[in-house]
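Single-structure report; data block below.
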Amino acid sequence: MLTSRFPLCTIKETPADADTASHRLMLRAGMIRKLAAGIYSWLPLGLRVLRRIETVVREEMQRAGATELLMPSVQPKELWEESGRWGKYGHLLLRMQDRKEQWYCYGPTHEEVICDIVRNEIRSYKQLPLTLFQIQTKFRDEIRPRFGVMRAREFVMKDAYSFHLDQASLDATYQVMYDAYARIFTRLGLEFRAVQADSGDIGGDISHEFQVLAESGEDAIAFSEQSDYAANVELAEAAPPPPRPAPAQPLKRVATPTQKTIAAVTAFLGVGPQRCVKTLLLRIPGGLVALCLRGDHELNEVKAGKLPELQKGWTLASEAEVLAATGAPAGFIGPVGLRDSIAVIADRSAAALADFVCGANKDGTHLTGANWERDARLTRVADLRSVVDGDLAPDGKGRLKIARGIEVGHIFQNGCKYTEAMHVGVLDEQGKLQTPLTGCYGIGVSRIVAAAIEQNHDERGIIWPEPLAPFQIALLPLNMHKSEKLQAAAQVLYQELITAGYDVLMDDRELRPGPMFADMELIGIPHRLVLSDRSLDAGTVEYKGRRDAQPQDVARRDLLPFLTARLQVST
RNA sequence: CGGGGUGUAGCUCAGCCUGGUAGAGCACUUGGUUCGGGACCAAGGGGCCGCAGGUUCAAAUCCUGUCACCCCGACCA
């Protein structure tokens, strides 16, 4: 490809509203342009990268036994009413009407459509197990899109769905997909981790996320350095605490006139936050619930949301509700002496404390030497907190570290959630109608582009992992317009490289060398060849890898073998 | 949805407070010089000052409304 025929669209200045490295570099390199909030055009350069990822994903999906199809991006309301998600999916669903005023949505995911296809086309157990996938543009009307294509509203996703007669078959395919995902992200040259995950609204029991490790990631993941344990912090557990010691101190009331926060109370009383119990009062339909946590721990809302008491929704109690229920303002409430109608659910770590400090349910007062059972009613113990760095791993092997990641893949076992709702049935060997089990497997194709850049860039621009690079080789003939000799030599080399099977971008613009170098480094081409009258006279070509500190001269006649040793021929 | 902010040339922004012929840098076009790390000189093209109302002799500037976008939060296979 010649730069004169390939619009590079690079920009020198940093766009004002780009906050992360990948967003900034994708705009500067001319890969994407914003059309509206969370909606981007893919310019030619960006599209080449996107296609490279799609190719790897497609190859690995096929190798894993999945078959490609393509479903519509626009889906009728009726299908979503069958699954019950027209209402449940909420504002994420972009709804629209056609000329007949029929309602549709722009598909945020395709469980409904795939179930409709399978129930119409698949009749017999002989056709199962079946795994279908597509690479499609989806739309989720995120409340706050940000970071460019990392959290866009419109995005490209690979989604696969598998159908099974029994759990063993689902387990087997799930494992095949898990392995395929690991191979995909490895092939793409990304540093990633597979972690146990919450299955969220998709539903189901078993679920893993594939997280690309990056400081700017929106997810926190916990993993043990001495075992395989790795989980999203939404879900991660610590090993249970040791059993509660017996009470040793008497319950004592202390005046804490202005100490409303854990930090203030601990400083005032000279005890660590891990000796305190903080109490959160939640409003649920028809009542209140108290959740108790150790002072140094945070409530994990995903875990709390699974409590039976909170199934019908919850919010934090208002200041007025707290006062009415406990007689004290927030900051002074505690589990001791709460009225009987309020269930007291303590996190395992809080429940393991003896002689703790907590609010006295009286303005300006705390208690010391408080103890469960003796002083405070305990309805139930549950795992309610988020793990923190240094917690013991749940398998007892090693301590947990917390890192940040970008979720690029997510696999689920859904059981019969969708097939049941959508009335998918297949006849088994006995001629009996069975509801198949399903798995679903997503990869954020466009998000991977951003994730790869987050992991691979420097102050000059992007540094593409080889398999993602829009071009393999940048060929820069310097000041070619002034030298016919150089023009001829460049043309010959360009043709040679193409014939050898390389993906080459030759810069034939009448630019000074500086801007040429800068552009190629910005767009991250992994290998650079420079031709000049000087090198022509010396019979050499200058080579520099994108990560190399210094260029090197290679004899012209040795160039092809030199490249063969360094890079793969593209297909 | 709550809070904050911004809409002026392709991009980054000044001008607005205190109303009076719309600006700079970068980018673009042409000519010249230069040219192995984002050159220089000269000449040029480019604007419904987000949109709609209002006040005024006169509005980018003041007032009202509206739309879009950005940031923080809630939200998020």
Side-chain angles (χ1 to χ4, degrees), chain A residues 7-20 23-24 27-28 30 33-39 83 85 88-93 107-112 138-148 150-153 155 157-161 197-204 207-210 218-219 232 234 301-302 305 315-316 407-414 417-418 438-444 447 459-461 476-483 486 507 509-522 528 530-536 538 542 544 551 553:
Chain A
L8 280 180
C9 313
T10 52
I11 40 178
K12 202 156 56 173
E13 284 174 81
T14 304
D17 52 3
D19 19 36
T20 51
H23 188 198
R24 204 160 48 233
L27 289 168
R28 287 232 290 131
R33 288 292 182 260
K34 188 174 79 177
L35 185 64
I39 300 178
S83 69
R85 292 207 291 183
K88 257 187 77 182
Y89 218 90
H91 295 294
L92 273 184
L93 205 54
T109 174
H110 283 71
E111 281 85 7
E112 282 78 3
K138 316 253 193 216
F139 194 98
R140 291 183 194 168
D141 199 357
E142 298 281 353
I143 291 168
R144 190 142 102 82
R146 57 185 124 180
F147 307 143
M150 199 123 99
R151 177 167 295 282
R153 294 195 294 169
F155 58 98
M157 177 171 164
K158 186 284 302 178
D159 47 327
Y161 306 87
D198 183 58
S199 54
D201 289 343
I202 286 274
S207 167
H208 287 86
E209 287 168 353
F210 289 77
E218 291 187 90
D219 290 347
N232 192 304
E234 289 180 343
E301 296 195 8
V302 172
T315 55
L316 260 156
E407 181 189 349
V408 291
H410 200 157
I411 59 178
F412 306 79
Q413 291 196 7
N414 306 127
K417 177 172 170 172
Y418 296 98
T438 64
C440 77
Y441 318 90
I443 287 182
R447 181 182 282 181
E459 65 290 342
R460 295 183 168 184
L476 309 187
L478 302 188
N479 300 311
M480 178 168 66
H481 57 284
K482 288 200 316 199
S483 162
L486 187 53
D507 201 340
R509 297 173 295 180
E510 278 191 31
L511 280 182
R512 295 153 50 84
M516 266 190 189
F517 293 147
D519 264 0
M520 294 303 145
E521 281 161 351
L522 174 60
R528 184 182 84 186
V530 176
L531 268 186
S532 63
D533 275 327
R534 202 164 81 195
S535 69
L536 227 50
E542 181 190 287
K544 183 175 176 297
D553 288 324

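Letters A, B, ... mirror the listed sequences (proteins, then strands); counts begin at 1.
To the nearest whole angstrom, the two C1' atoms, one in B:G47 and one in B:A24, are 15 Å apart. A distance of about 16 Å separates the P atoms of B:A59 and B:C63, rounded to the whole Å. B:G23 and B:A68 are spaced 25 Å apart, taking the C1' atom of each and rounding to whole Å. B:C17 and B:A60: their C1' atoms are spaced 14 Å apart (whole Å). Atom C1' of B:U8 sits at a distance of 8 Å from the matching atom of B:A22, rounded to the whole Å. Distance check on atom C1': B:G44 versus B:A27 gives 14 Å, rounded to whole Å. Of the C1' atoms belonging to B:G3 and B:C13, the separation is 26 Å, rounded to the nearest Å. For the P atom pair drawn from B:A43 and B:G25, the interatomic distance equals 12 Å after rounding to whole Å.
For B:G25, the paired base is B:C11 (Watson-Crick or G-U wobble, both distances below 3.5 Å). B:A74 makes up no base pair with any nucleotide shown, lacking Watson-Crick or G-U wobble contacts both under 3.5 Å. Shown here, B:U18 forms no base pair; nothing in the strands shown gives a Watson-Crick or G-U wobble contact with both key distances under 3.5 Å. Pair assignment for B:C62 gives B:G54, based on Watson-Crick or G-U wobble hydrogen-bonding distances that are each under 3.5 Å. Across the strands present, B:A39 finds its partner in B:U33; the criterion is a Watson-Crick or G-U wobble pair with both atom distances under 3.5 angstrom. B:A68 and B:U6 make up a base pair, with Watson-Crick or G-U wobble contacts both under 3.5 Å.
Summarising the geometry of A:Tyr441 relative to A:Lys158, their closest heavy-atom pair is O-NZ, 3.1 Å, with the distance given to 0.1 Å. Between A:Leu511 and A:Asn479, the closest heavy-atom pair is O-OD1, 4.4 Å. Scanning both residues, A:Lys12 and A:Arg28, for their nearest heavy atoms gives O-NH1, 3.2 Å. Nearest heavy-atom pair, A:Gly38 versus A:Ala152, reported as atom, atom and distance to 0.1 Å: O-CB, 3.5 Å.
Projected onto RNA chain B by closest heavy-atom contact, A:Leu511 and A:Pro515 fall at different nucleotides, the more 5' of which corresponds to A:Leu511. When each of A:Lys138 and A:Leu522 is assigned the nucleotide of RNA chain B with its nearest heavy atom, A:Leu522 is the one assigned upstream, toward the 5' end.
Using a 4.5 Å heavy-atom threshold, the side chains of A:Arg33 and A:Leu27 count as touching.
Using a 4.0 Å heavy-atom distance criterion, A:Asp519 is classed as a base contact. At the heavy-atom level, A:Phe155 lies under 4.0 Å from base atoms of the strands shown. Counting non-hydrogen atoms under 4.0 angstrom, A:Glu542 reaches a base of the nucleic acid.
Summarising the geometry, the separation between CG on A:Leu478 and C1' on B:G37 is reported as 10 Å, rounded to the nearest angstrom. The separation between A:His91 atom NE2 and B:C1 atom C1' is 9 Å, rounded to whole Å. If you take CG of A:Leu8 and P of B:G38, they are 19 Å apart, rounded to a whole angstrom. For the pair A:Tyr89 OH and B:C76 P, the interatomic distance rounds to 11 Å; values are reported in whole Å. Protein atom CZ of A:Phe139 is 17 Å distant from nucleotide atom P of B:C76, rounded to whole Å. Across the protein-nucleic acid pair, A:Asn479 atom CG and B:C35 atom P stand 9 Å apart, rounded to whole Å. Rounded to whole angstrom, the span from the CZ atom of A:Phe412 across to the P atom of B:C76 amounts to 14 Å. As a whole-Å value, the separation of A:Arg33 CZ from B:C11 P is 10 Å.
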Per-nucleotide protein contact along nucleotides 66-75 of chain B, 5' to 3', at a 4.0 Å heavy-atom cut-off (B base, S sugar-phosphate only, - neither), is ---SSSBSBB
With sugar-phosphate taken as primed atoms, P, OP1 and OP2 and all else as base, the protein-contact string of nucleotides 23-34 of chain B at under 4.0 Å (heavy atoms; B, S, -) is --BBS------B
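One finds a salt bridge joining A:Glu111 and A:Arg85 here, because a Lys/Arg side-chain nitrogen approaches an Asp/Glu carboxylate oxygen to under 4.0 Å.
A cation-pi arrangement is absent between A:Arg447 and A:Phe155 under the rule of less than 6.0 angstrom and at most 45 degrees off the ring axis.
Put simply, CZ on A:Arg24 and CZ on A:Phe147 are 11.5 Å apart, with the number rounded to the nearest 0.5 Å. Distance check, rounded to the nearest 0.5 Å: CG of A:Leu531 to CD of A:Glu542 gives 10.0 Å. Here the straight-line distance linking atom CZ of A:Arg509 with atom CG of A:Leu8 works out to 5.0 Å at 0.5 Å rounding. Remark: A:Asp141 CG to A:His91 NE2 distance equals 9.5 Å, nearest 0.5 Å.
At least one donor-acceptor pair under 3.5 Å links the side chain of A:Arg153 to the backbone N or O of A:Ala37.
The base of B:G37 sits with one of its N or O atoms less than 3.5 Å from a complementary donor or acceptor on the side chain of A:Arg528.
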